[in-house]
Structure formats: structure tokens, C-alpha cells
Amino acid sequence: MYDFAYHKPASIADAVALLAGDPEARPLAGGQTLIPVLKQRLNKPSKLIDLSGLGLNRISVSGNALSIGAMTPHATVANSADVQRAIPALAKLAGGIGDNQVRNRGTIGGSLANNDPAACYPAAVLGLGATVVTNKRRIAADDFFQGMFTTALEPGEIITEVVFPLPVEKAAYMKFAQPASRFALVGVFVAKGPAGVRVAVTGAGQNGVFRQREMEAALTARFAPDAIANIKTPPDQLNSDIHGSAEYRSHLITVMAKRAVAAAA
Amino acid sequence: MGFEGIGAAVKRKEDARFLAGRGNYVDDINRPGQVYAYIKRSDRPHARLKGIDTRKAAAAPGVLAVYTGADLAADGVGGLPCGWQIHNKDGSPMAEPPHPVLAVGKVRHVGDPVAVVIAETKQQAKDAAELLEIDYEDLPGVAASTDAIKPGAPLVHDDVPGNICYDWHIGDKAAVDAAFARAKHVVKLELTNNRLVPNAMEPRAAIGECDVTGNYTLYTTSQNPHVIRLLMGAFVLHIPEHQLRVIAPDVGGGFGSKIYHYAEEAIVTWAAGKLRRPVKWTAERSESFISDAQGRDHVTTAEMALDEQGNFLALRVSTLANMGAYLSTFATSIPTYLYATLLAGVYKTPAIYAEVKAVFTNTVPVDAYRGAGRPEAAYLLERLVDVIAHDLGFDRIELRRKNFIPPDAFPYQTPVALQYDSGNYQVTLEKALQAADFAGFEERRRQARARGKLRGIGVSTYLEACGIAPSAVAGALGARAGLYEVANVRVNPTGDVTVFTGAHSHGQGHETTFAQVVAERLGISIAQVDVVHGDTGRIPFGMGTYGSRSLAVGGSAIVKALDKIIAKGKRIAAHLLEASVDDIEFKDGKFTVAGTDKSKTFAEIALTAYVPHNYPIEELEPGLEETAFYDPKNFTFPGGCHVCEVEIDIETGTPKVVNFVAVDDIGRVINPMIVEGQVHGGVAQGIGQALLEHAVYDSQGQLLSGSYMDYVMPRADNLPSIHVGTESTLCTHNPLGVKGVGEVGAIGSPPAVINAIVDALRDYGVRHIDMPATAEKIWSIIQAHQPRMAAE
């Protein structure tokens with residue numbers, strides 16, 4: 001990797017100030033994407049602003065919301081009794097990301113800010129109608145994800161926490177893993193809760209995570225696997241690569257959605 | 001001490017250091033004054049190299065030198081040699097285009113080394129390499145062997161027409177044609193053997209060093225340091241062998257990929273001589289993907305002629321073998337003498353004819369990878385037998401039994417050069433079928449179907465030839481090296497033993513297995529035996545480890561040396577015990593006068609040899625150290641039966657191996673635990689090839705699966721618990737009766753897996769599926785045949 005300066009601010013204000021003064025500075029969360037990219041010399045930041053000193057590793061449940069701090073590692077989410085009680089599907093999803101090392105370093109905020117089109121968390125955040133809270137504002141999940149590796153975040157804006165509305169009546173995530181990376185070739189998060197019935201698909205879309213609204217309508221009418229068995233997602237909007245054609249991904253969306261509904265019901 | 005000799009499952013001695021993280025690998029070694037090489041590689045598959053401006057890079061901080069192909073050529077550095085010459089059908093020699101250490105004129109594959117930057121730190125070398133200005137003129141590339149032979153295809157080497165390295169054949173074509181003409185049935189199968197990336201856990205690394213007197217040392221990740229010394233010293237750098245020491249210390253896996261002499265070894269050694277500083281290079285994993293010789297990559301048409309009863313009459317095979325851009329050290333021998341000679345397999349097919357075209361493409365060179373030619377042959381045969389059974393309605397087990405070489409037919413001369421010394425294929429088949437509960441399978445299939453799964457079972461009855469190789473035979477077939485092995489057994493004055501072996505351990509456990517052989521023979525404990533390998537400065541000139549040869553050839557050399565030790569010990573004992581040497585018996589570590597209680601221990605004899613006060617000095621030299629070279633009389637022929645059971649998720653096509661049984665006849669077993677580990681590893685790689693692994697290139701030669709994000713290595717959750725059984729029909733021609741176990745797992749398993757997949761899909765009208773059998777491929781087959789299922 002190229003040389004860079006390293007900063008570990010103790011407050012969000014300091015972090016924002018460091019980022020604001022330098023367009024080449026990059027925030028560092030768990031580093032599970034950024035560090036490999038740096039090692040391959042594909043990115044040349046002037047400085048890395050380590051967000052691990054900002055007190056953002058926390059989980060709390062209030063009456064109608066589960067809040068997860070942006071710097072909470074996947075393993076913490078997976079093993080949290082609060083998360084397991086409030087939204088067990090979310091804990092399970094977190095426990096299925098990457099491997100042990102990734103789960104103990106990677107964070108929910110880092111994953112969302114990166115918005116990898118095959119990442120798992122975006123499906124949960126969109127599927128549960130969560131709100132992404134930053135140092136500046138609250139962004140609805142529907143507005144947050146704006147295409148592959150693209151989000152509503154503005155330069156210098158830092159995610160502080162993610163708020164999931166409760167109670168979640170039913171939810172499940174089903175992932176068909178890409179066999180090498182174990183990212184989602186297709187992942188479908190299905191939920192019924194305060195945000196209504198939602199079906200969020202990751203791994204498949206050319207623009208990253210998306211809602212399968214035809215399935216949502218069918219499941220709103222009747223929450224059962226066979227209600228969506230014949231709903232196909234048009235392949236022309238889906239990814240195609242050496243691990244799966246768009247047609248295969250389209251097929252897997254239906255299969256994974258059915259399985260998620262069955263698991264959630 | 002408990003029993004530690006031949007047959008004891010003792011724990012591995014070397015694991016004490018490996019499990020504690022105390023192995024000593026090349027990258028762990030740092031020499032005083034060491035500098036670092038970074039190799040700038042081509043990022044394009046095929047381009048004319050119009051110029052390289054090195055000035056900015058050379059001026060960068062910390063840079064000692066920047067070298068290109070022109071610098072090496074100016075210094076008289078030779079190209080990388082190919083160790084095996086194949087001849088065309090017409091008797092002319094193969095095309096053998098130059099393989100420059102650093103590219104000259106053209107780059108021919110992604111990863112082709114173009115320049116080397118040497119700097120005080122690795123970081124500086126890498127920074128400077130970004131300042132190299134390389135003027136490429138892109139040329140159209142070609143990656144698939146089937147495309148490379150088309151008229152008008154881009155020429156990888158301008159002077160190799162049609163990209164054909166050789167067009168070779170073996171067998172009696174006329175007899176095969178005649179048999180086909182009178183055959184009742186002919187069954188044809190077209191199949192590919194997918195290209196694999198070897199992925200040793202330890203990436204390659206090398207350190208070159210040159211001392212004030214001009215003596216060179218190369219530390220390298222090699223399976224055969226003497227071969228590297230010979231090839232690099234004699235052909236590339238012209239360094240006299242006595243001034244070149246090659247050290248291959250602990251090596252973390254090879255699977256064939258560390259047999260070859262690679263450009264980086266020559267680069268660091270040569271540069272160390274120029275700069276008089278030790279020069280170190282360590283591959284990054286992404287470099288391994290584009291610079292380690294890859295494996296397999298065959299496209300084959302096979303046809304079997306049969307009579308009405310299903311007897312095999314003749315086999316006709318035509319194979320395109322992808323060599324990649326250059327000839328790696330033993331590349332040419334793999335699809336010929338390690339492949340086509342195996343096409344009889346375990347069957348008494350009376351006539352066989354095979355032709356192999358080896359083809360240059362704009363891809364990473366291809367060479368031996370665990371099994372090397374034999375997996376390709378076994379896969380072809382064992383798929384073909386299942387397809388014959390499918391097409392003609394034979395029972396696939398009965399068809400095999402009917403065509404097996406019977407146990408009383410050994411030694412058995414095949415129509416493709418090899419003579420098998422021993423084997424009993426019926427026994428391994430029966431044992432494997434029993435262990436796999438083959439008879440109860442249909443009930444398991446029914447139960448799986450009720451759970452929404454398609455269950456299938458597949459069998460392969462494979463054979464391989466290893467214990468490579470009788471030198472005279474190899475030489476007659478084009479090998480440019482001998483293939484014996486050597487051992488020096490040094491008994492120390494206090495009676496412990498150091499064995500210097502030409503074999504090299506890079507995961508095989510030689511330090512334990514060889515010690516067990518010595519312990520058994522000398523009646524000492526394995527703790528008293530030290531096995532030294534991997535250093536041309538310490539060991540005699542040996543040929544190294546590949547082709548499952550270490551025990552069959554290297555172990556035999558140790559036994560021969562031990563025989564000499566014991567013979568000399570008897571003479572010393574006869575003197576001390578005042579008896580005739582003919583009356584001395586050696587057993588359980590004691591030299592005894594037959595029929596008496598007069599004896600001397602092995603340690604007493606050793607001490608006497610080195611303190612020869614009371615010694616027959618007129619007729620016997622002092623000391624107790626013997627060297628033996630062993631040239632095998634024949635290959636060894638392990639064989640056996642693998643049974644695989646799979647379940648397929650109908651909705652997604654995902655296959656899962658749910659049971660795997662391997663019953664291998666590997667001759668005498670020295671350490672059953674190590675044998676089991678070898679089979680586990682081989683089967684894991686075989687399942688990897690069958691279901692997961694694939695080096696995917698685009699049509700021009702860009703590697704699309706060039707990292708672990710896209711290249712699918714098998715992991716624990718892809719593998720079942722593997723049942724390993726062994727059978728010991730002894731090899732008849734080596735002193736231990738051993739055959740070799742390093743490769744059987746990777747050879748026998750891929751066809752068993754694919755046969756199981758095809759069996760699971762039997763209701764879907766499929767007769768063959770190419771490796772890797774991915775979920776999407778299987779799903780496509782299921783999709784295509786949905787109507788037929790719906791109609792049922």
C-alpha cells in the first residue's frame with residue numbers, strides 16, 4: 001500500500017473536521033474492504049480517519065426501535081441478546097457475513113457506507129425499512145442506497161447509527177452464497193413489520209440492493225411462499241458473471257424469497 | 001518407546017515445529033544486506049514490447065537497479081529450459097520456442113515478467129516499478145486450445161505455425177481402426193478437463209546471494225533443489241555447479257507447482273551476482289495466480305469400441321492439451337507419457353490409440369499438478385465407462401468387472417507401453433462398495449427425493465503410475481534427466497542416525513515416514529533418526545519429490561544404504577565377537593552370533609566404527625556411513641475404487657457431497673495416519689476440481705478467476721467426512737513393496753464425483769456434465785428437462 005497519515009479522533013466533530021479539510025482523506029471503519037483495496041494499491045488516500053474511537057460500538061433497544069452503532073462489528077450484532085430478541089433474522093444475517101475474522105472487524109456502518117452490491121447488510125436495512133443516522137441527518141433506507149457502491153452520504157458525512165423500527169412481526173434472510181467470496185450471489189431479506197411487508201434483494205441487481213415490489217404486494221395480500229412462487233424478476237436488470245447468469249440470479253431470487261418467507265412465517 | 005516402525009501411526013515429528021509456527025520457510029529467511037526484487041509483469045495477454053523506459057524507475061529512492069530482458073541477454077543469460085523432448089508423429093522434434101527469463105520482443109500471457117526493480121525495501125521497489133514506462137502494442141490473444149488451432153488464430157510464437165508444440169501419438173492405430181470396423185457398438189464422449197490453479201499455501205519465494213569468492217546460494221521454494229541447481233546453473237546462468245548451492249528449506253505445499261525452474265529464481269541469483277547483495281523476492285498471492293504453472297486443461301474426444309457383451313475392444317482418444325504461453329519444465333511430458341500411457345487403466349482393452357496435440361496459448365504455462373496426466377486419463381476412462389453403461393444399458397459395476405484385468409494376469413503388458421507389476425481391482429471395488437453401502441443406495445435415493453433432493457452415487461475404479469521413474473525408460477521417451485533417487489545414511493558415533501535424502505518434503509511427512517523405515521531396519525527409535533533434505537550443500541545429488549516417488553524411489557535408496565550399513569556392521573561385529581561374518585545375525589538392534597547369546601548392540605558397533613581401537617583396520621575402513629542410489633525397475637501402479645454420493649438441491653441445482661469412500665491399493669503402508677491425511681488432501685482437491693475450481697480465462701487470455709474472490713477453493717464445508725480404506729497388494733520390484741499415495745486422492749475422486757452427479761440427474765436425460773459441475777450448470781440441466789419431469 002501507499003503511505004498515508006493515520007488519525008484516530010476521539011469525537012465525531014474532530015473526525016468530521018479531519019475529513020472536511022481534505023478531499024483525499026478516507027474514513028476507516030472495520031477496514032474489511034478498504035484495507036485489501038489499499039494493499040492492492042487501488043486507492044491512495046492522504047489520511048485514514050479511524051472511527052473506532054468515537055463510541056459508536058453500541059446496541060440499544062427502546063420501545064419501538066433497535067439502534068446499532070455504526071462501528072458495531074458483525075460478530076457483536078450476531079451475538080447480541082437484544083438483537084436476537086428483537087430481530088433474530090438480523091442477528092442471523094450478521095452471523096453469516098464473511099468469516100470469523102471479517103465478522104470481528106467488519107462493521108455495520110462500514111458495510112452500509114461501502115454499499116457493495118453483494119453485501120448482506122443492505123438487504124436487512126432496506127428490508128426492515130431502517131433509518132441510517134449520520135452526524136447531519138436521518139436518511140430512510142429507501143433513500144440511502146443509490147446504486148452500486150453509491151449512497152446518499154455526502155463528503156465528510158459519517159454514519160453514527162442504524163435504527164430499525166420495532167416490532168418486527170416476521171423476518172428472515174436467505175443467502176445463496178457466491179462459492180468463492182461467499183458474498184451473496186443472491187440474498188433476499190423478507191420482513192413484515194412497522195414498514196409493512198418488504199422484500200429486499202442483494203447480490204443480484206445491477207444497481208445494488210433493491211426492493212422486489214411485486215413480491216411485496218403479493219405477500220401483503222397473503223404471506224406465504226406459494227404467493228410469490230410464480231413471480232419472476234426480469235433478468236435484464238440483473239448481474240451476470242462467471243458465477244451466475246442473470247437468468248440464474250432471477251431464478252434464485254424467487255427461490256430464496258420463497259425460502260425466506262417460509263422461514264419467517 | 002511403543003512400536004514406531006513400519007505400519008505404526010506415529011505422530012509427525014515435523015509437526016512439533018509447524019504447529020508452533022516455527023517452520024523455516026524461504027520468506028522467514030533474511031540475509032545481511034538483503035535487498036528486494038519486485039517483478040513488473042505484463043497486465044495484457046499478448047502484446048509487442050516496443051520499448052521499456054527504465055530511467056525514472058532507476059532514479060527512484062532506494063533503487064539499486066532495474067533490469068529488463070535486454071540486460072539479461074547482453075549478459076548471456078539463457079532461457080528457461082524444457083526438461084522433456086517430445087517427438088511429432090513424423091519423428092521430428094517438438095517446437096521449443098525460447099522462454100526468456102524476462103520478456104523479449106513480446107509478452108505472451110498476463111503475468112509474463114517484463115522487468116525487475118531491485119531496491120532497499122520492498123515498498124521502494126514497488127513504488128519504482130510504477131514509474132516504468134512500457135510501450136506495448138496490443139496483439140489479439142488466444143486462450144482456449146480449441147481456438148488456438150483454428151486457421152488464422154493469433155500466433156503466440158511467431159515461428160510456431162498453428163500454435164502447435166507437438167502432434168504426438170501412441171498405440172497401434174491400425175489395430176484400433178480394425179477393431180472399430182468390426183465392433184458391435186461404438187460409444188463416443190467429448191469432455192474437457194478444467195484448468196486449475198495450484199494454490200499451495202505458501203506462495204513461491206526466492207533469495208539469491210553471491211559471496212566475495214563468487215559462490216552463489218539460492219534459497220527457493222522448490223520440490224527438488226538439485227534439479228533447480230542443474231537447470232539454472234547449466235542452462236540459464238552458466239554457474240558451475242560446485243559454486244552454486246540451492247536450499248529449499250521448509251516448503252508449504254507444492255502439488256507439482258514447485259517442481260519447475262522459474263524465472264524469479266534466475267532473476268534473484270543473477271542480480272545478486274551483479275549487485276553483490278542478497279536479493280529477495282516473495283510472491284504475492286495475486287502473482288501466484290498468474291505465475292505458478294497451472295494444471296490440466298485438456299479437451300478430449302474418446303471413443304470405445306465394444307462387442308455385444310460389453311467387452312472393450314479398442315479405445316481411440318484425441319486430446320488437445322493447452323501448454324500455455326511457454327513450455328514449463330516438464331510440461332511436455334504430462335499429456336503424453338503421464339497421460340496417454342495410462343489409458344488402459346484397470347481394463348484389458350486390447351488395442352488403444354491416442355493422439356495428443358499440445359498447443360500454445362496466451363495463458364499461464366501449464367505443467368504437472370497433483371496427479372499430472374493420470375487424473376486426466378482416469379477421468380476420461382471412468383466417465384467413458386459410465387457413459388457406455390448409460391448408452392448401451394449395461395450395469396456400470398458389472399461392465400467394470402467384466403473388463404477388469406484379472407488378478408492372475410500380472411505382470412500385465414498394456415497396449416500403451418506400461419507393464420503393471422501387480423494389482424487386484426476386484427478387491428478394492430468390493431471393499432469400497434461395501435463401505436459405501438452401495439447395495440442400500442436406492443433406498444437413500446428414494447428418501448432424498450421425498451426431501452426435495454436428487455441423490456446420486458458414482459464409482460471410479462482408477463489406476464495410476466507413479467514412483468517415477470526408471471531412468472532408461474524415461475530417457476528413451478525424451479526425458480532430459482535421470483529419475484533415480486539417492487540417500488546417504490550417516491550413523492553417528494553414539495548410534496543415532498542422520499539420513500540425507502534427495503527427496504524433498506513439503507507436507508508429505510518424510511521426516512517421520514523415512515525415520516520409521518530406518519527405525520524398523522536398525523531397531524532404534526524414530527527420535528534417534530534425523531532426516532535432512534532440501535540443501536544441495538548437504539545432501540547428495542537427488543531428484544526430488546513429485547509423481548508420488550519419495551517413498552518408492554527415495555525410500556528404496558534409504559533401504560539400500562541401510563543394507564550396506566548393516567552389512568558393514570556385521571563385519572565389525574564379527575571382529576568384536578570373534579565369529580565368522582556369515583554367522584552374524586542382525587535383529588532388533590543387535591548383532592548376534594547365531595545360536596549364541598553373544599551380541600553387540602547397534603550403538604556399540606557404531607562407536608567401534610568411529611573409535612577403531614579394536615578393529616579390522618586392514619580390511620575395513622573406519623566409520624559407518626553409506627550412500628546408495630536407487631533407480632527403479634518400473635513405475636509403481638496404485639489403484640483402487642472411489643465411491644461418491646451426492647445430493648442436489650432441485651430448486652437451486654446446488655450439489656453437495658454427502659459421502660465419500662476411497663479404498664486405495666497403495667502397497668505397503670508405513671504410517672497409516674499420514675496415508676489417511678494424504679488421501680484426505682487429494683480427495684479434497686479432486687472434489688475441488690469436480691465441483692468448484694476453475695481457472696477461467698476470457699477469449700483473449702485475461703484470467704477472470706484471478707483471486708480467492710472468484711477462484712473457488714474447496715473448504716471444510718464443501719467436504720464430507722471421508723472414509724479411507726487401504727489395500728496392500730505389494731509392489732513387486734522395490735524393497736519396501738510400496739507404491740505411493742500422494743496423488744491417488746486427486747486421481748480417483750473427480751470421476752467418482754461427476755459419475756455421482758450424472759447419476760443423480762439420471763431422470764433429466766443427461767449423459768455428461770463437464771467439470772466443475774456448478775450449481776448453475778446443474779440447474780440449467782434440470783431446467784432444460786422440466787417438461788419431461790412435469791409429464792411424469
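Contact residues of residues 257-264 of chain A toward chain B are A:K258, A:R259 (heavy-atom distance under 4.5 Å). Annotation: residues 97-118 of chain A contacts chain B through no residue [non-hydrogen atoms, separation under 4.5 Å].
For B:D698, no part lies near chain A; criterion is any non-hydrogen pair under 4.5 Å. Heavy atoms closer than 4.5 Å to chain B are found in both the backbone and the side chain of A:S245. Residue B:M709 touches chain A through both its backbone and its side chain, counting heavy-atom pairs closer than 4.5 Å. Heavy-atom distances place the backbone of A:M1, and not its side chain, under 4.5 Å from chain B. In this structure, chain B has no heavy atom under 4.5 Å from any part of A:Q40. Interface remark: B:D127 contributes backbone and side-chain atoms alike to the contact with chain A (heavy atom separation under 4.5 Å).
In terms of heavy atoms, B:Q783 sits closest to A:H251 at OE1-CE1, 4.5 Å. Taking all atoms of both residues into account, the shortest heavy-atom contact from A:A180 to B:Y711 is CB-O, 3.7 Å. Contact record, B:Q123 with A:Y2: NE2-CA, 4.0 Å, taken as the closest heavy-atom pair.
Using a cutoff of 4.0 Å between basic side-chain nitrogens and carboxylate oxygens, A:R41 and B:E130 are scored as salt-bridged.
In this structure, CD on B:E776 lies 11.0 Å from CD1 on A:I242, to the nearest 0.5 angstrom.
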(message) side chain to side chain contact (heavy atoms under 4.5 Å, CB included) for B:T774 and A:H243? Distances and angles first, verdict last.
(response) CA-CA 9 Å; B:T774 61; A:H243 300 290; over 6 Å; no
(request) Take B:D717 and A:R182 through the test side chain to side chain contact (heavy atoms under 4.5 Å, CB included) and record every step on the way to the result. (result) CA-CA 12 Å; B:D717 65 355; A:R182 304 276 174 111; 2.8 Å; yes
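In terms of heavy-atom pairs under 4.5 Å with chain A, the best-connected choice from B:K126, B:M713, B:E693, B:E284 is B:K126. Among B:T652, B:L704, B:V696, the residue with the largest count of heavy-atom pairs under 4.5 Å with chain A is B:T652.
For A:K232, the NZ atom is densely surrounded, since the number of other residues' heavy atoms within 6.0 Å is greater than 12.
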